[in-house]
Amino acid sequence: MLIWLIPPLWTLALGLWGLSRQHTVWRDEAATWQVAGRSTPEILRMLHHVDVVHGLYYLLMHALFSVFGPHTTTLRLPSVLAGAVAATCVALIGRRLAGPAAGLAGGLAFGLLPAVQFYLQEGRPYALVAAGAGVSTLLLVAALQEDSGPRRRAWRWAGYGGAVLVCGLLNWFSLLILPAHLATLLWSRAADRRTWAAWTAASAVAVLAVTPLALFSRGQSAQVSWIPPLTWHMLIGPGVLVLIGGVCAVVSGRRIAGRARTDVLRIAPPRTGAPRIAPPRSDAPRTDGPRTDGPHAHAPRTDAPRTDGPRTDRLSAAAVGLPLLAVPQLGLVCVSLFQPLFLDRYVLFSMLGLALLIGAAIGAAVRAARPRFPRASAWIVPVAVALATVALIPQSLAERSPKSRVDDVMAVASDVQRLKRPGNAVLFIPSARRDTESVSPGAFSGLHDIALTETPERSGTLKGLEAAPARIRTAMLARDRILLVTDVPWIARPLTAAQDRMKMRVLLAYFTPVADVRVHGRRLTVYERLPRPARAAR
């Protein structure tokens, strides 16, 4: 019962703690916010041009925004709930493979991992992908451990394929879980021919269904052109995580192997002159159990291993957790060698494997201490979680601070409201900074976006369509006061669009700044038209 309750409640508590981040929303979440506020036809039109990889997630958030309204809680609560589901899956898998203590420790560890805490409060689909990956892994483990009837087995594999499919529709990088599960099947040797056929069929259906989305999204690869090429220092973090997982796997594996060797020594015959004692035959009557004759007879028991089903004796937390941690990371590295795509959020679900391995190591410590210190062993899990929580408090506080993200699209909205005047114009450099207006439209009421020719909603884009540079120049010269929303210098990128270069050229030649506000990654500068003599001198 504790396995069902404590890890999800713990993860929910961590997710709800500081959920609003002081009512800040950063640029990635702003994309979710503005798309979720559109109508379904507008969303479908946008997916033809941009962000088709997140189409299912946007439709889900649109439904939630329609029911509960646009708010930071509506934006982030689905990720919190998904994190609780993922923690529950880790706990149940750990209990199946390494015992109750390992399951409880793994489920609690999942919510404490820094990467999980970061995306647990993120209005993006990565926590939902982790939940789906947890469900599919739990169904895989259950299918390998239980020899159920044909109907139940079919439903279980259908659920497995459905979970992988939903994950792929949320982010097709989640299909990297399939080679991780393949590595588990090969490592554990726990699958018979029937299991191999079912897994192959379920995986093939999911891959075939997601392939059109993956191919179509390749045409929108310009969206991720900002991701830097893979370098060696980018591999340090994943390497450390895999190393930690490997150490935990060794710790838990040695303990299991040591216990197995002990059991073998108990039944091994002596090597010297003592006569061998043959073990009783399975059909011989037992003298230490129920009678096998008479009216109260029971069927004779046998401990002989089964030979007609999948082998489950090799299925361990290491065989499930280590591939789940390492294979997606390695797969993303291989993909990034051809196109820079290495972002840890794409394989957030690999943290399920790390949590499972940590839980298995703690569970091994509990089993080792229980024979000598039965009372003290019960405190190992809560003490370990308490120490980890205290050690991670600085990190946890930093993740819930507005400074944990690169910017806040709402940061300058109040300053726009304060500094604008009737008839003023507004410009955005780059045009993607128009997300501030999309999320806070009330602050920009009365301002004229003189560069915009078609709104984001009508154009089916995230940032709208802007006029040609010459038309922007003409529109700017017809104004006396312009508000510019842009990035602060230390995160701004070089201007690549001709429209943005024209905006800056005109502002520098014909206008002068009269107010400059910099708030959490965003900058608001108010420009006023220079008198003619000053323009001539400049």
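Remember, predicted model here, so these are calculated numbers, not experimental data.
- For the side chain to side chain contact (heavy atoms under 4.5 Å, CB included) test, residues two or more places apart in sequence or in another chain that qualify with Leu230 are Met234, Leu235, Val333, Ser336, Leu337, Phe342.
- For the residue pair Tyr510 / Arg505, no side-chain donor-acceptor distance below 3.5 Å is found, with atom types taken as modelled.
- Between the side chain of Thr453 and the backbone N or O of Leu465, at least one donor-acceptor pair lies under 3.5 Å.
- Nearest heavy-atom pair, Gln329 versus Ser350, reported as atom, atom and distance to 0.1 Å: NE2-OG, 3.1 Å.
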Can you list the steps and then say if Ser221 with Gln339 is a side-chain hydrogen bond (donor to acceptor under 3.5 Å, both in side chains)? CA-CA 10 Å; Ser221 58; Gln339 179 179 348; 4.5 Å; no
Test side-chain hydrogen bond (donor to acceptor under 3.5 Å, both in side chains) on Arg434 and Gln34 and set out the steps. CA-CA 11 Å; Arg434 194 170 277 109; Gln34 59 173 302; over 6 Å; no
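- A donor-acceptor distance shorter than 3.5 angstrom exists from the side chain of Asn424 to the backbone of Arg421, with no hydrogens or angles considered.
- Of all non-hydrogen atoms in Gly107 and Val90, the two that sit nearest each other are N-CG1, 3.8 Å.
- Side chain of Thr74 to main chain of Pro70: no donor-acceptor pair is present (N/O by atom type, distance under 3.5 Å, no hydrogens or angles).
- Taking the six-membered ring for Trp and thresholds of 30 and 60 degrees, Tyr346 and Tyr126 have ring planes inclined between 30 and 60 degrees apart.
- Heavy atoms of other residues, nucleotides or ligands lying less than 6.0 angstrom from CZ of Arg418 number more than 12.
- No side-chain N or O of Ser431 forms a donor-acceptor pair with one of Glu466 less than 3.5 Å apart.
- Looking at residues two or more places apart in sequence or on another chain, you find a salt bridge (Lys or Arg N to Asp or Glu O under 4.0 Å) between Arg523 and Asp516.
- Applying the side-chain hydrogen bond (donor to acceptor under 3.5 Å, both in side chains) definition to pairs two or more places apart or across chains, those involving residues 233-245 are Thr231-His233.
- Qualifying ring-ring contact (aromatic ring centres under 6.0 Å, His included) partners for Tyr527, counting only residues two or more places apart in sequence or in other chains: none.
- Residues Leu348 and Val129 have side chains not in contact (no heavy-atom distance under 4.5 Å, counting atoms from C-beta outward).
- Listed by first and then second residue, the salt bridge (Lys or Arg N to Asp or Glu O under 4.0 Å) pairs that reach into residues 76-89 are Glu29-Arg76, sequence neighbours excluded.
- Around CZ of Phe68, the count of heavy atoms belonging to other residues, nucleotides or ligands within 6.0 Å does not exceed 12.
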Donor-acceptor contacts under 3.5 Å from residues 51-59 side chains, at least two apart:
{"residue": "Asp51", "atom": "OD1", "partner": "Gln223", "partner atom": "NE2", "Å": "2.7"}
{"residue": "Asp51", "atom": "OD2", "partner": "Tyr58", "partner atom": "OH", "Å": "2.4"}
{"residue": "His54", "atom": "NE2", "partner": "Arg124", "partner atom": "NH2", "Å": "3.4"}
{"residue": "Tyr57", "atom": "OH", "partner": "Gly123", "partner atom": "O", "Å": "3.1"}
{"residue": "Tyr57", "atom": "OH", "partner": "Arg124", "partner atom": "N", "Å": "3.1"}
{"residue": "Tyr58", "atom": "OH", "partner": "Arg124", "partner atom": "NH1", "Å": "3.2"}

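- In terms of the salt bridge (Lys or Arg N to Asp or Glu O under 4.0 Å) criterion, Asp344 has no residue partners (sequence neighbours excluded).
- The main-chain N or O of Gly464 is found under 3.5 Å from a side-chain atom of Thr461 such that the two form a donor-acceptor pair.
- The ring-ring contact (aromatic ring centres under 6.0 Å, His included) search around His520 returns none, not counting sequence neighbours.
- Scanning for side-chain hydrogen bond (donor to acceptor under 3.5 Å, both in side chains) contacts around Glu122 gives Trp26, Arg405, with sequence neighbours left out.
- Tyr160 has its ring centre less than 6.0 Å from the ring centre of His181.
- Looking at every heavy atom in both residues, Ser401 comes nearest to Arg21 through O-CD, 4.0 Å.
- The salt bridge (Lys or Arg N to Asp or Glu O under 4.0 Å) test applied to Arg345 returns Asp28, not counting sequence neighbours.
- Between Arg400 and Gln22, the side chains place no donor N or O within less than 3.5 Å of an acceptor N or O (distance only, hydrogens not considered).
- Side-chain atoms of Thr88 and Trp4 form no donor-acceptor pair, as typed in the model, at a separation below 3.5 Å.
- In this structure a side-chain-to-backbone donor-acceptor pair under 3.5 Å is missing from Arg38 to His62.
- For Arg473, the CZ atom counts as loosely surrounded, since its 6.0 Å shell holds 12 or fewer non-hydrogen atoms of other residues, nucleotides or ligands.
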Evaluation steps, side chain to side chain contact (heavy atoms under 4.5 Å, CB included), between Val406 and Arg27: CA-CA 8 Å; Val406 67; Arg27 59 182 65 175; 3.9 Å; yes
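- No salt bridge links Lys463 with Asp435; every basic N to acidic carboxylate O contact stays at or beyond 4.0 Å.
- Heavy atoms from other residues, nucleotides or ligands lying under 6.0 Å from NZ of Lys420 number more than 12.
- Taking the salt bridge (Lys or Arg N to Asp or Glu O under 4.0 Å) definition, one finds that Asp408 meets it with nothing, sequence neighbours left out.
- The two residues Ala509 and Leu530 have their closest heavy-atom pair at O-CD1, 4.1 Å.
- Residues forming a ring-ring contact (aromatic ring centres under 6.0 Å, His included) with Phe118 (at least two apart in sequence, or on another chain): none.
- Side-chain atoms of Gln395 and Glu399 form a donor-acceptor pair, as typed in the model, at a separation below 3.5 Å.
- Between the side chains of Arg471 and Gln499, no donor-acceptor pair of N or O atoms lies under 3.5 Å.
- A donor-acceptor distance shorter than 3.5 angstrom exists from the side chain of Lys503 to the backbone of Phe428, with no hydrogens or angles considered.
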